[in-house]
S.K.: 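Here's a structure for you.
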Amino acid sequence: LAGCEALLAWRPPAKLAIRAPRLRWIQSLTAGVEHWLAAGDLPAGAVLTCARGIHRLSMPEHILAALFLIQKQLAAIVLDQRELRWRRRVNPTLAGTTLGILGLGTIGQEVARKAAALEMRVVGTKRDPAPVPHVERVFGPKGTDDVLRDSDFVLLLLPSTVETRGIMNRERLARMKPTAHLLSFARGDLVVDTDLVEAVRARRIAGAVLDVFTTEPLPPAS
């Protein structure tokens with residue numbers, strides 16, 4: 001680090017300003033850089049850049065897998081097979097359902113394109129609520145509750161900021177349909193974990209698929 005001028009890293013090493021006095025450029029391996037900004041000991045003159053866009057293909061496929069996992073009961077089917085149980089299942093289609101995307105950035109827009117090909121209706125939010133291809137209606141952040149009320153699947157793709165941390169709390173979860181699922185694929189701290197567990201147990205929402213968590217990795221007792 002002492003001779004380093006450019007750094008490519010996942011998270012900031014401790015005491016970076018002291019250990020890397022020649023550092024001029026930091027390239028984060030992630031699209032979100034909140035952990036870098038919170039470090040407090042970065043070199044004052046270094047430029048910080050993010051990796052926005054590198055997951056444009058892989059993450060939407062992961063999200064589509066979550067949608068099929070829910071709608072086609074794939075987890076339950078695998079468990080049936082393991083337990084040598086024959087059960088007839090008739091699964092609804094994704095076509096005709098509404099996908100609400102909170103955070104229509106690079107990944108959100110690619111998900112919208114793929115969801116539209118599946119004949120899903122897509123609505124969502126964006127900081128700048130300009131029209132987005134394949135999205136029926138784009139709201140600003142103040143339209144979050146409209147998206148929650150209208151969606152069969154709510155997909156979280158927001159960055160972690162002061163405004164968004166804990167955005168999916170008890171009040172917001174209560175605005176979702178009882179038949180709706182939450183899909184969290186951005187940052188774990190967007191969701192208030194205890195409120196989500198309570199909402200699912202009380203059947204105020206149908207369920208959730210979580211790719212990120214407030215504490216990672218999850219403790220064994222979680």
Side-chain angles (χ1 to χ4, degrees), residues 59 62-83 85 87-104 107-108 111-112 115 118 120-125 136-137 139-222:
M59 187 59 74
H62 199 36
I63 292 164
L64 288 179
L67 289 169
F68 282 110
L69 178 75
I70 295 167
Q71 201 74 340
K72 301 305 177 184
Q73 304 180 65
L74 297 181
I77 289 169
V78 170
L79 288 176
D80 283 348
Q81 182 191 35
R82 188 179 69 181
E83 296 173 13
R85 181 172 54 206
R87 178 178 297 174
R88 184 175 179 82
R89 297 180 183 274
V90 179
N91 299 320
T93 63
L94 286 170
T97 61
T98 297
L99 172 64
I101 303 176
L102 302 183
L104 282 163
I107 292 173
V111 172
L118 294 171
M120 298 181 74
R121 172 176 173 261
V122 183
V123 296
T125 63
E136 182 178 295
R137 187 170 181 187
F139 297 85
K142 292 183 179 178
T144 296
D145 288 350
D146 296 288
V147 174
L148 295 177
R149 280 190 291 264
D150 204 21
S151 300
D152 300 299
F153 304 95
V154 175
L155 172 60
L156 289 182
L157 290 175
L158 296 166
S160 175
T161 67
V162 173
E163 292 79 16
T164 61
R165 290 182 195 117
I167 188 171
M168 292 308 297
N169 53 24
R170 181 181 291 105
E171 291 74 22
R172 281 264 166 67
L173 290 163
R175 294 185 180 108
M176 292 173 58
K177 297 178 181 178
T179 55
H181 286 78
L182 178 69
L183 287 74
S184 182
F185 280 77
R187 288 292 183 268
D189 61 8
L190 301 180
V191 179
V192 179
D193 295 341
T194 54
D195 291 354
L196 175 61
V197 171
E198 181 187 351
V200 173
R201 282 180 172 164
R203 304 196 177 210
R204 286 194 291 275
I205 67 171
V209 177
L210 308 177
D211 181 60
V212 287
F213 304 89
T214 305
T215 301
E216 294 182 354
L218 284 176
S222 174

S.K.: Is there a donor-acceptor pair under 3.5 Å between the side chain of K72 and the backbone N or O of P92?
M.R.: yes

S.K.: Under 4.5 Å between any side-chain heavy atoms of M168 and D195, yes or no?
M.R.: no

S.K.: Do S222 side-chain atoms and P219 backbone N/O form a donor-acceptor pair below 3.5 Å?
M.R.: no

S.K.: Before you tell me yes or no, could you show the steps for Q71 and T93 under side chain to side chain contact (heavy atoms under 4.5 Å, CB included), namely the whole-Å CA-CA distance, both residues' side-chain angles and the distance that decides it to 0.1 Å?
M.R.: CA-CA 7 Å; Q71 201 74 340; T93 63; 5.9 Å; no

S.K.: Given 3.5 Å as the limit, does a donor-acceptor pair link the side chain of S184 with the main chain of L210, or not?
M.R.: no

S.K.: Check whether any side-chain heavy atom of L148 sits under 4.5 Å from a side-chain heavy atom of R172, and report yes or no.
M.R.: yes

S.K.: For the residue pair V90 and Q73, what are the closest heavy atoms and their distance?
M.R.: O-NE2, 4.2 Å

S.K.: Please check: side-chain N/O of D80 versus main-chain N/O of R85, any donor-acceptor pairing under 3.5 Å?
M.R.: no

S.K.: Could I get the full list of salt bridge (Lys or Arg N to Asp or Glu O under 4.0 Å) partners for E216, not counting sequence neighbours?
M.R.: none

S.K.: Is R137 paired with D146 through a side-chain N to carboxylate O contact shorter than 4.0 Å?
M.R.: no

S.K.: To the nearest 0.5 Å, how far apart are CD1 in I205 and CG in L196?
M.R.: 5.0 Å

S.K.: Which value, rounded to the nearest 0.5 Å, describes the distance between L190 atom CG and L102 atom CG?
M.R.: 9.5 Å

S.K.: Just wondering, do L173 and R204 contact through their side chains at under 4.5 Å, heavy atoms?
M.R.: no

S.K.: Answer yes or no: is there an ion pair linking D150 with R121, defined by an N-O contact shorter than 4.0 Å?
M.R.: yes

S.K.: Kindly write out the residues that satisfy ring-ring contact (aromatic ring centres under 6.0 Å, His included) with F185, not counting sequence neighbours, or none if the list is empty.
M.R.: H62

